[in-house]
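Naming convention: chains lettered A, B, ... in sequence-line order (proteins, then strands); numbering from 1 in each chain.
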Protein chains: 2
Amino acid sequence: MKSFHVGLIGLGNVGYRVWHNLLTHRELLAKKSGKEIEIKKIAVRSVEKALKQGVPPGILTTDWKEIVNDPDLDAIVELIGGIDVPYEIITEALKKGKEVVTANKALLAFHGQQIASLASSYKRRILFEASVAGGIPLLQAIQDGLVANRFLMISGIVNATCNYILTEMTNGRMSYADALKKAKELGYAEADETLDVSGEDSAHKAAILCALSYRFWPKVEEIYTSGIQSVDPFDIQYAGELGYVFKLLAIIKKHQDSKEVEIRVHPTLLRKDHILSSVSGSFNAVIIKGDIVGDQLFYGRGAGGDPTASAVLSDLVELARYPHMEYNPRLFFADEQTEYKVMPISEIISRYYLRLNVVDKPGVLAAIAEILGKKNIGISSVVQPEVSSFSQGVPLIIMVHDAKEKYFKEACFEISRLPFLKGEPIVYRVEDFHVQ
Amino acid sequence: MKSFHVGLIGLGNVGYRVWHNLLTHRELLAKKSGKEIEIKKIAVRSVEKALKQGVPPGILTTDWKEIVNDPDLDAIVELIGGIDVPYEIITEALKKGKEVVTANKALLAFHGQQIASLASSYKRRILFEASVAGGIPLLQAIQDGLVANRFLMISGIVNATCNYILTEMTNGRMSYADALKKAKELGYAEADETLDVSGEDSAHKAAILCALSYRFWPKVEEIYTSGIQSVDPFDIQYAGELGYVFKLLAIIKKHQDSKEVEIRVHPTLLRKDHILSSVSGSFNAVIIKGDIVGDQLFYGRGAGGDPTASAVLSDLVELARYPHMEYNPRLFFADEQTEYKVMPISEIISRYYLRLNVVDKPGVLAAIAEILGKKNIGISSVVQPEVSSFSQGVPLIIMVHDAKEKYFKEACFEISRLPFLKGEPIVYRVEDFHVQ
Ligand SMILES: NC(=O)c1ccc[n+]([C@@H]2O[C@H](COP(=O)([O-])OP(=O)(O)OC[C@H]3O[C@@H](n4cnc5c(N)ncnc54)[C@H](OP(=O)(O)O)[C@@H]3O)[C@@H](O)[C@H]2O)c1
Ligand SMILES: NC(=O)c1ccc[n+]([C@@H]2O[C@H](COP(=O)([O-])OP(=O)(O)OC[C@H]3O[C@@H](n4cnc5c(N)ncnc54)[C@H](OP(=O)(O)O)[C@@H]3O)[C@@H](O)[C@H]2O)c1
C-alpha cells in the first residue's frame, strides 16, 4: 500500500487529538483511504511538552520551516491558531507543492481569498472542514452532497461557547458573568473569551460559509456582528414567556433576483418549537435551505479536540484518496469572485423584539404605536409584565412584524426621544428563516 | 469543457425531477463538476407521457438496453423501482463499463453485495446517496466526513410516510386508518403503502447503512422489522402523558468488544425532549454516533422528487469530477465481508413500555411485579389511567428499566397467563440511544 506523508504543525487541543486518533485508527484509515496516512514530522513550540504527550523525539522539531521544506511530505496540517504565522506557513507550503489542511477560521476569514487563489495557481488543494462547526461535515455537504442546489439560506449556531453560555443563562437563570465563569471552569470558554462572545468567531465562520455557498469572500468588517456580552437575563425571561429563546446565530441569506447577500451574527430570538431552539449547551447546528432539496439541518459538536480532529482527518483522507488534481472544481471559488456583495444591515427585513423602560402613565402605548404606525410597522404583541425590581419605570415589550431594519431603527430613535422613556430601547431580531 | 454523458432509465417522480433540475442548474453543475453533465438518452415506458413532460423525442427510447449498450454514455441512472429489472439493468451496465447511480434501496438491500462486488471487479463505481433519507447527504457523511470514526450507532427516522402518519396520529389524535387516508390524499403515501408502513422500506435502508458503516450486508430477513399498522392511538396518548412520543425508528448499534450488530426497525418510544422527537411530518432525521466525533444529527426531507433528485445529482457530480478510479476505497465494503453479524433480537437490551388490560382488583399489580422481579426487571413507573371506554378491564401501563429482550418477553408470556389478564400484553421498546 502506498503512503501518504503528513507534517503536523501545532500539537495543542486539536493537533494532539489528530495525532492520537490517527494512531488508534491507523488500519481503518488505511482501508478507507487506500493509503497509509502517516504523520512523519511534528512542529511544536515546546519539545518537552510533546515528549510528555508520548510523541517520539525523532519526529519533533521546533521549526515549522523544516516541515514546509521537507520534500518527503505530501501534505501539511496547520493547527497553531493565530493569523500571521499560519498565513506564512500555508502560503510557503502551497508554493512548495504541498497540500494543506487547516482548522483556522480566523485566517480563512481574513486571507481565504488569497490562499485559495494561491492554491489554485499552484494546483494544490487546501481543505478546512474543521474550520466551521467542528466535527459536523458541513462544508462537505455544501460542496458535495448538496452541490446541485442554489443556496437560499445557511443559518445556525456555530459557536459552542456562546451557545453554552446562553443555555446556562436560560435554563439556570444565570447572569452573563456567572455563566461565563462556569463555561471557563468547564473548559467551554478559553482564558480570553473575547473572540467567541463578541460574535467575531461566528462571523469568521459565516465568511467561510458565504465563500463556499455564494462564491465570494465578504470582508470581515462588512459582516454585521454583535455578541452576547450585554444580553440581559430579563430579556431571556420575557422572551421565554412570549415563547422564544435566545440563540447567537450566524445568518446568511441570498435574496432571489438580487445580487446582495445578507450576512449577520447577533443574538436572535427563535420560537421555542423551532428545531434550532432545542440545540443546547456546547452543540452546534446549522440549517441549509437549498432550492432543490429544501431545508436540511446538521447538528453535532462544534468544538473540542476530538470532534475537530475527526474533521481534520476526513480532509486528510480526501487528499490521500484522490491524487493531486490539476484543477479541483470542488473548491471553485478561488478563480472567480461572483458579482454578489454584502447587503447593508439597514436593508434587511426582520421581525423585532423591543423592550422599553417607560414611566407608567396613560398614553404611553398610544404614542409608541403611533410612531411605529407612521413607519408602517405592525405590532404583533405587547406585554407589560408586572415587576417590582425596576427602580424607575416599568418594562414594556413590543414584538413587531417584518420591517425593514432602517425604518425600524428610525422608529426606535424617535421612540427613544419620547419624554416618558427611561434609558435606551433594547432591540433584538426575531428569526423565522423566511427567504425573500 | 469536457462532457459527461448520462443515460436515464425511468422518468417518474424522481427521474423527471433529475431531468428538470439538471436543465435548470446546468451551468452551476458544470462549474461545480468541471464537466458538462448531459442526459443524452432516457428510457421510459410511455413515450407519450414523456413528450407531455417536455422531453425532446430524439432522446427517448422504450428499451433500456439501448442505454446500457450505448458506448457514448459514461454513466447510467436507474430510477424505475422494483428489483428484478433494475438488477438486470445495473449488472449489465457495470459489465459494459458504465458507472451507475441509483436510488433503489430495495434492490440494494437484497442484492447490494453482488452489485458492489461486480462494480469492484469491473472497476466501476455505483453510487446511491438517494437510497437512504432522500436529500440528506447521509451516506456521504458516513463515507467521507465521518470517515475517521468507528460507528457506535446509526439510528433514526428514515421513512417519511410512517413519520407523517405517526405525527398525524399524535397531533391530530387520529386513528391509523384516518391518518393513512390523509397521507394518501396529500401524496405522502403511495397507492400501495405496504412497503412503507410495514417497516420494510426502513429495513432496506438499515441494511444499506449497516453495509456502509459496518462493512457487511445483513440479510434482510435477519433485520427485526415491525411496522406501524397496529399502533393504537391509546398508546400514543398514554405514552404522551408519560412524556414520550412514538416514532418508527431504524436502529443500528455496534456493541463494543462484540462482533454482533443490532439492526432493528420498530415503533419506538422517545422522550419528548429528545431532538428526534421534534422531527415531524414527512421529515427524516438520523443520529450518527462516532467514536471520535460523538453525536451528530442529520435532518431533512427524506422523500419527494426534488430532494431525492438533489442526491442523485450529487452522485453524478462526484462521478463527473473524479475520473474512473482503478480502485475506489470510498466504497470498500465490496471486497470484504467483515466478521460481524446480526445480533438476534432476543439478545438486545432495551427499556420497554408495557400496556396490559386487567380486571381491576387488589393483588393485580403485585402479581405482575413479582413476575418481573423474578426476572430481575426493574419497574420505572406504573400508571393506571382512568378510562371509561374500556368495556372489560382497565389499562395498566408499566415502564421498565433496561432488560434483555429475551427475559422481558418471557416475563410478558407469564404475565399474559395470569387469570385477571384480558387480551395480549402490548409492548413497545423505549430508546435512549445508549451504546453498550
Ligand atoms: N479547539 C477547538 O475546539 C477548535 C475547533 C475548531 C477549530 N479550531 C482551530 O484549530 C486551531 C488550533 O486550535 P487548538 O484549540 O488546538 O489551539 P491550542 O490548544 O492553543 O494549540 C495550538 C498549539 O500550537 C502551538 N504553537 C503555537 N505557535 C507555534 C509555532 N510557531 N510552531 C509550533 N507550534 C506552535 C501551541 O504551543 P504552546 O502551547 O506552547 O503555545 C499549541 O500547542 C485554531 O486555529 C483554532 O481556531 C479549534
Ligand atoms: N419518490 C421518492 O420520494 C423516492 C425517494 C427515495 C428513493 N426513491 C426510489 O427511486 C426510484 C424511483 O422512484 P419514483 O418515486 O420516481 O417511482 P415512479 O414515480 O413510480 O417512477 C418510476 C418510473 O419508471 C418507469 N418505468 C418502469 N419500468 C420501466 C422500464 N422497464 N423502462 C423504463 N421506464 C420504466 C415508470 O413508468 P410507468 O409510470 O409507465 O410505470 C415510471 O415512470 C425507486 O427505486 C424508489 O424506491 C424514491
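Of the listed residues A:Gly300, A:Ala148, A:Ser278, the one with more heavy-atom pairs under 4.5 angstrom with chain B than any other is A:Ala148. By number of non-hydrogen pairs under 4.5 angstrom with chain B, the leading residue of A:Leu313, A:Leu138, A:Val147, A:Ile275 is A:Val147. Considering only heavy-atom pairs separated by less than 4.5 Å from chain B, the leading option among A:Arg17, A:Arg301, A:Arg150 is A:Arg150. No other option in A:Ser33, A:Gly294, A:Ala141 has as many heavy-atom pairs under 4.5 Å with chain B as A:Ser33. For the set A:Leu29, A:Val317, A:Asp144, the count of heavy-atom pairs under 4.5 angstrom toward chain B peaks at A:Asp144.
Contact annotation: the side chain of A:Leu8 approaches that of A:Leu79 to within less than 4.5 Å [non-hydrogen atoms, C-beta and beyond]. Between A:Trp19 and A:Leu11 the shortest side-chain heavy-atom distance falls below 4.5 Å.
Looking only at distances, no side-chain donor or acceptor of A:Ser277 sits under 3.5 Å from a matching main-chain atom of A:Asp273.
For chain B, no part of A:Glu129 is nearby; none of its heavy atoms comes within less than 4.5 Å. A:Thr24 touches chain B through its backbone: at least one of N, CA, C or O sits under 4.5 Å from a heavy atom, while the side chain does not. Looking at A:Asn284, neither its backbone nor its side chain comes within 4.5 Å of chain B, counting heavy atoms on both sides.
Here the shortest heavy-atom pairing between A:Ile136 and A:Phe298 reads CG2-CB, 3.6 Å.
Taking the centre of each ring, A:Tyr299 and A:Phe283 come in below the 6.0 Å mark.
For the residue pair A:His25 and B:Asp291, a side-chain donor N or O sits within less than 3.5 Å of a side-chain acceptor on the partner.
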